[in-house]
Amino acid sequence: MSFVSLADQVRPSASDGGPTPTVRAAQAAFADRFGKAPQWLAAAPGRVNLIGEHTDYNGGFVLPMAIDRYAIVAAAINDDTRGPSGPRVRVHSTALETSVDLPLDAALAPGEPTWANYVRGVVRGFQRRGFDPPSLDVVIASAVPLGGGLSSSAALEVATATMLEAATGTTLDPREKARLCRQAEHEFAGVPCGLMDQLASVLGDEAGALLIDCQFEIVRLVPFADPNVSVLICNTNIKHALADGAYSRRRAECAEAARQLGVPTLRDATPEMVDEARGIFDPVVRRRARHVVTENARTLDAALHLEARDFASVGALMYESHRSLRDDFEVSCPELDVLVDVAGEIGDAGGVLGARMTGGGFGGCTVSLVRTRRVAAVAERLASEYKRRTGCTLTHFVSGPARGAHLITPTDAS
Ligand code: GLA
């Protein structure tokens, strides 16, 4: 399979057509709070990962798709010189109904409130690169479910970066923009994530999913639009507390596996190498490695099948991916397993082609490929079985592939 860089295909910032409710909410909150209209409206999507989980920080392959749920950042220059103390970014979150003042005359550091750390980290990234933001008034609104494994934080980081590009008159290389946002996540939110979420949010494309080679940061569009097949996202509405520490532990275990195999990253290991090293490995480390090397192979296969519209084969790989994440990587949880089990019980006859957990795990969402004419019935059955078997309530939505980060012209949005 050949890889084509998408860097040249990134569309210039432009109007995205009619305003969405989130854009309208951001604009209304901005006017309400600051008594003026925003100069810039930046939008960045969340993502769902079709396959390729916990492979990005191992230099492997991922196949995410940006979703039609956006974080919106509205902003305008604040030239109020009567303000209390020096240049600053005043940020208001519509979700939390709280505001924070970030001073620009001292190096920003992580702090309270923690939701503002994504903004602090991205502002700091611009400053470090010599692009000093002016004093700004900022309002954030988001339609990406928080904590649902759909990259609400990457969407906020990338929307903030997109707004800061406009406010500083800079255009970052898309990969550099994603790296800047990842650095914010690492240093300001304390999550040692890979690059998948930020790249998907920057480079998302309505035409399909993105096959990303995370070692070389090469992105290839995998078109798959087919009106007969839909991507159904089901949110368990569960986030188990161990999620954060477990993510760092998995990363460390993968690094240890690579060290024991004598390769720079697990990208360079094969299933045979992991198999042959059976005697050397700690069994846990071996299972982690087995997941990563088999997941890389599944992801490349899935991209080929997706492009060929062989959705049944993609679906089979999704079920396999889930089993590997559950048994070898141990990042699933009972609620996710119930949803994937029920999807399997509904099966092809009922319109489900495949399902798996998506994102970091320990809660969050599943992603299913479903025949479009059966989506409503499938979602209903998943919701009722989920309630019956776990006592919890499911939320769900369908999303096609969506456009990556862009500016919306405020006049178009009014
Ligand atoms: C989180 C991280 C990503 C990736 C996934 C697991 O979403 O932010 O970088 O590692 O988990 O695939």
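When a ligand or atom number is given, it counts from 1 through the structure's own listing order. Predicted model only: the values in this text are computed from it and were never measured.
When each atom of ligand 1 is checked for a heavy atom of Met196 under 4.0 Å away, the hits are 4 (C), 5 (C), 12 (O). For ligand 1, the atoms lying closer than 4.0 Å to a non-hydrogen atom of Asp56 are 3 (C), 4 (C), 9 (O), 10 (O). Of all atoms in ligand 1, listed by their number and element, those nearer than 4.0 Å to a heavy atom of Gly194 are 9 (O).
Using a 30° and 60° split on the angle between ring planes, His406 and Tyr70 fall in the perpendicular class, above 60°.
With respect to Arg182 and Glu185, no salt bridge is recorded, no charged nitrogen being found less than 4.0 Å from a carboxylate O. Look at Glu320 and Arg323 and you find no salt bridge, because none of the NZ, NE, NH1 or NH2 atoms lies under 4.0 Å from a carboxylate O.
For a threshold of 3.5 Å applied to N or O pairs, the pair formed by Asn49 and ligand 1 contains no separation below that value. An N or O contact shorter than 3.5 Å is missing between Tyr57 and ligand 1 by distance. An N or O contact shorter than 3.5 Å is missing between Thr55 and ligand 1 by distance.
For the residue pair Ser321/Arg356, the side-chain donor-acceptor check at 3.5 Å is satisfied. Side-chain N/O atoms of Thr170 and Arg129 include no donor and acceptor closer than 3.5 Å.
Within the structure, the closest approach of Arg47 to ligand 1 falls below 4.0 Å when heavy atoms are considered.
In this structure, atom 10 (O) of ligand 1 lies nearest to the protein heavy atom Tyr247 OH, 2.5 Å. Among all protein heavy atoms, the one lying closest to atom 8 (O) of ligand 1 is Asp197 OD2, 2.6 Å.
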Side chains of residues 335-344: which donor-acceptor partners sit under 3.5 Å, not counting sequence neighbours?
| from | atom 1 | to | atom 2 | distance (Å) |
| --- | --- | --- | --- | --- |
| Glu335 | OE1 | His240 | NE2 | 3.0 |
| Asp337 | OD1 | His322 | NE2 | 2.8 |
| Asp337 | OD1 | Ser332 | OG | 2.6 |

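Ring to ring, Phe30 and His92 are not that close: their centroids are 6.0 angstrom or more apart.
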